[in-house]
Amino acid sequence: MIKNDFNYLRTSCCSLSLGKANVTHNVEEILKAVKAAVENGVSLLVLPPMAITSPFCGNLFFQNHLYNMQYAGIKSIADATRDKDITVMLNYYEKSGGKYINSLCVIQNGKISDSISIRDFDADLSEYFVDSDHNRCHKSRFIDFDRDISIGMNDDCDIQVIFDTAPYKIGKKDYYESLAKIKSGENCNVILFSGSDGILIIAGAGEILSSAYPFDENADDNGRKIVYDVDLDLTAYKKAKNRAMKPTESYNDIEILQLAFPDGDKLYRKISQSPFLPDSQEKSYRNCEEIFNIQVQKLAERIAYTNSKTSVLGISGGLDSTLALLTTVYAHDKLRKPLTDVIAITMPGFGTTDRTYQNALQMMNSLGVTSREISIVNAVKQHFSDIDHPADVHDITYENAQARERTQILMDVANRERGIVIGTGDLSEIALGWCTYNGDHMSMYGSNAGVPKTVIQEVIRWFAEEKISKSEFIQDSKVLKKALLDILSTPISPELLPPDSQGNMNQKTEDKVGPYALHDFFIYHTIRNGATPRKVLFLAKIAFDGIFDEDTIRKWLKIFYKRFFGQQFKRTCSPDSTAVGSVDLSNANWTMASDTFGDEWIDEME
């Protein structure tokens with residue numbers, strides 16, 4: 001019962017083969033579309049504009065015969081919905097007060113609602129064009145669901161229907177996609193767009209969810225259709241979060257309608273395994289470039305504001321410190337500061353492997369920064385002696401002492417060199433609290449704090465494949481690219497436990513806290529979309545089908561909630577950071593009491 005449980009509404013827009021003023025033929029095509037929609041479990045079907053008559057009837061619109069045939073057609077469509085779990089949105093024209101009104105009505109279970117007026121028209125409806133000025137109506141409908149959902153033509157509706165009769169022109173596809181994204185993003189709603197030229201768009205909360213265009217090759221004998229399960233929880237969450245709900249007094253005396261939510265185990269929407277990343281490599285790399293530029297710009301602003309001579313950061317040979325080093329180098333170049341003012345320090349300890357150590361050295365040397373090596377082994381051994389901790393007991397004290405020693409070195413070097421410490425922790429680690437309190441948890445500025453682990457991997461891959469060849473100041477791009485690609489294939493690890501007898505890494509983060517692919521998925525749907533735990537589990541089972549079974553997903557989702565709530569105290573006193581996307585857990589944008597009780601989230605999955 002996916003839609004009843006998680007507020008997914010199966011919606012559809014269709015384009016049909018219509019004849020001008022050929023009402024009998026057009027109604028037959030509409031009935032076929034309604035029948036197909038019912039078979040697909042569609043709850044809300046939006047027909048093409050003026051589907052019964054077609055929009056291009058000119059002065060025939062003033063003929064009583066066409067007007068009467070239209071109403072007979074509406075009744076036939078209403079009869080076809082009787083005892084069917086479907087609601088049909090129909091655009092038609094009516095007479096009112098001596099004027100002809102372009103209107104919208106709702107057909108449901110054999111009943112025809114009162115019309116919603118869109119605008120007057122004088123003669124030829126082919127000139128009719130819905131835009132931001134005309135997209136107004138006198139009233140909206142409330143849908144009687146678990147909560148009230150408004151549906152109509154105006155911007156403050158939860159589900160906004162837009163009809164367009166303008167002919168197809170060059171650039172129209174891109175224009176309407178942009179319009180649907182902007183309007184649904186600003187209004188935090190779902191947009192169902194139906195054009196007489198065959199443009200169909202379903203958009204929600206600033207994203208194009210599904211679309212079809214006149215020249216697509218996937219049309220059948222009855223035209224084209226798009227079907228998508230829109231997430232009403234998501235739009236409601238965003239609307240409440242953005243305080244975009246309009247006053248409700250405009251909804252007085254509105255008829256209450258009941259939308260059907262048929263049961264079923266098929267979801268008409270793609271659930272991405274990597275929701276922070278676009279589906280295509282081209283779009284992904286464009287995003288990576290934008291993310292990198294945001295990081296560079298914000299870091300440059302912080303360096304300039306603090307009047308820092310140097311930037312100091314620790315380099316482990318892992319993903320996070322790699323991206324932090326790259327953005328710091330470009331920030332210095334942007335400010336026309338010497339790259340030698342970037343002080344990159346590798347601090348080998350008990351768990352450092354030769355692989356990560358060599359990659360760190362090759363990166364630093366290739367970028368022309370000031371590289372230093374400071375071993376923490378003797379200092380940590382002395383610390384163990386001072387606090388009376390056995391050096392052969394590899395517990396949490398053993399691990400965290402190393403992280404805190406490294407942070408102390410960075411802080412003191414920054415003081416000595418008139419600089420700031422650039423933090424390397426990423427969004428995924430911050431969400432999980434996977435950092436040592438007052439160790440790698442702390443810095444003067446968190447460069448990666450708004451970037452999830454899976455995105456950091458993609459940004460480094462983009463840099464190695466595309467950006468590196470365009471950077472003139474890199475001293476050895478071949479060596480740097482080789483190091484970057486090897487870092488991408490290295491298991492993620494804090495390297496705080498000694499290597500095995502062959503010198504290989506003996507500690508892997510994902511064995512301890514779980515796969516970052518899952519955690520980034522959890523972060524996206526929990527924090528960005530406000531999904532309930534059961535819904536997150538449901539979506540993850542679809543996205544990772546064949547990769548992780550339900551027990552595995554459930555196990556790591558419980559770990560996610562446990563750590564997310566239990567580690568808030570680290571986020572409360574975290575350093576300033578770069579907000580890159582829509583998820584930001586810095587204390588400037590995320591507020592939550594450190595003793596918030598999170599067991600209710602875990603229990604909700606049971």
Side-chain angles (χ1 to χ4, degrees), residues 2-3 5-11 44 132 135 140 142-143 145-162 177-193 201-211 228-248 250-251 259 261 267-272 274-278 287 427 431 450 452 455 520-536 538-540 543 564 579-586 588-592 601 604:
I2 53 177
K3 286 164 285 300
D5 283 352
F6 303 116
N7 286 7
Y8 285 114
L9 179 70
R10 184 157 299 166
T11 61
L44 180 61
S132 58
N135 185 25
S140 302
F142 272 145
I143 304 303
F145 187 41
D146 291 341
R147 56 182 177 79
D148 285 340
I149 300 170
S150 58
I151 183 169
M153 296 289 294
N154 47 337
D155 288 347
D156 54 5
C157 290
D158 297 305
I159 300 176
Q160 181 179 7
V161 183
I162 298 178
E177 278 199 344
S178 298
L179 179 67
K181 288 170 68 174
I182 292 170
K183 286 177 71 68
S184 67
E186 288 180 345
N187 301 327
C188 300
N189 65 0
V190 171
I191 285 180
L192 304 178
F193 181 97
I201 300 173
I202 300 176
E207 298 182 31
I208 300 299
L209 305 175
S210 185
S211 60
Y228 200 85
D229 289 342
V230 298
D231 190 341
L232 298 179
D233 277 346
L234 172 58
T235 52
Y237 171 77
K238 286 184 175 294
K239 184 170 287 191
K241 186 177 179 182
N242 294 337
R243 303 179 185 275
M245 184 67 75
K246 300 295 178 65
T248 58
S250 61
Y251 296 146
L259 275 183
F261 287 73
L267 200 60
Y268 276 79
R269 59 187 290 135
K270 182 178 180 180
I271 308 299
S272 172
S274 304
F276 283 107
L277 296 169
N287 275 21
L427 176 64
V455 177
D520 285 358
F521 185 93
F522 301 155
I523 291 168
Y524 183 91
H525 289 284
T526 299
I527 301 171
R528 184 182 186 276
N529 291 352
T532 64
R534 288 181 62 243
K535 191 169 184 176
V536 174
F538 167 75
L539 295 172
F564 179 74
V580 172
S582 56
V583 178
D584 180 17
L585 293 176
S586 71
N589 293 299
W590 178 262
T591 57
M592 187 171 84
W601 273 256
E604 204 263 351

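- Between Phe521 and Leu539 there is a side-chain heavy-atom pair separated by less than 4.5 Å.
- Residues Leu9 and Ile159 have side chains in contact (heavy-atom distance under 4.5 Å, counting atoms from C-beta outward).
- In terms of heavy-atom proximity, Phe6 sits nearest to Lys535 at O-NZ, 2.9 Å.
- Salt bridge Arg528/Glu207: present, at least one basic N to carboxylate O contact under 4.0 Å.
- For Asn287, the side-chain hydrogen bond (donor to acceptor under 3.5 Å, both in side chains) criterion is met by no residue, not counting sequence neighbours.
- In plain terms, the two heavy atoms of Ser184 and Ala180 that are nearest each other are OG-O, 2.8 Å.
- To the nearest 0.5 Å, atom CG of residue Asn589 and atom OG of residue Ser582 are 11.5 Å apart.
- Qualifying side-chain contact (heavy atoms from CB on, under 4.5 Å) partners for Leu234, counting only residues two or more places apart in sequence or in other chains: Asp231, Lys238, Asn529.
- Taking every heavy atom of both residues into account, Asp158 and Asn189 meet most closely at O-CB, 3.2 Å.
- To the nearest 0.5 Å, atom CD1 of residue Ile191 and atom CD1 of residue Ile162 are 4.5 Å apart.
- Remark: Ile527 CD1 to Leu427 CG distance equals 7.0 Å, nearest 0.5 Å.
- Considering all non-hydrogen atoms of both residues, Asn187 and Lys239 come closest at O-CE, 3.3 Å.
- The minimum heavy-atom distance between Ala203 and Ile208, with the atom names listed, is CB-CD1, 4.1 Å.
- Closest approach of Trp590 to Asp584, counting heavy atoms only: CB-O, 3.6 Å.
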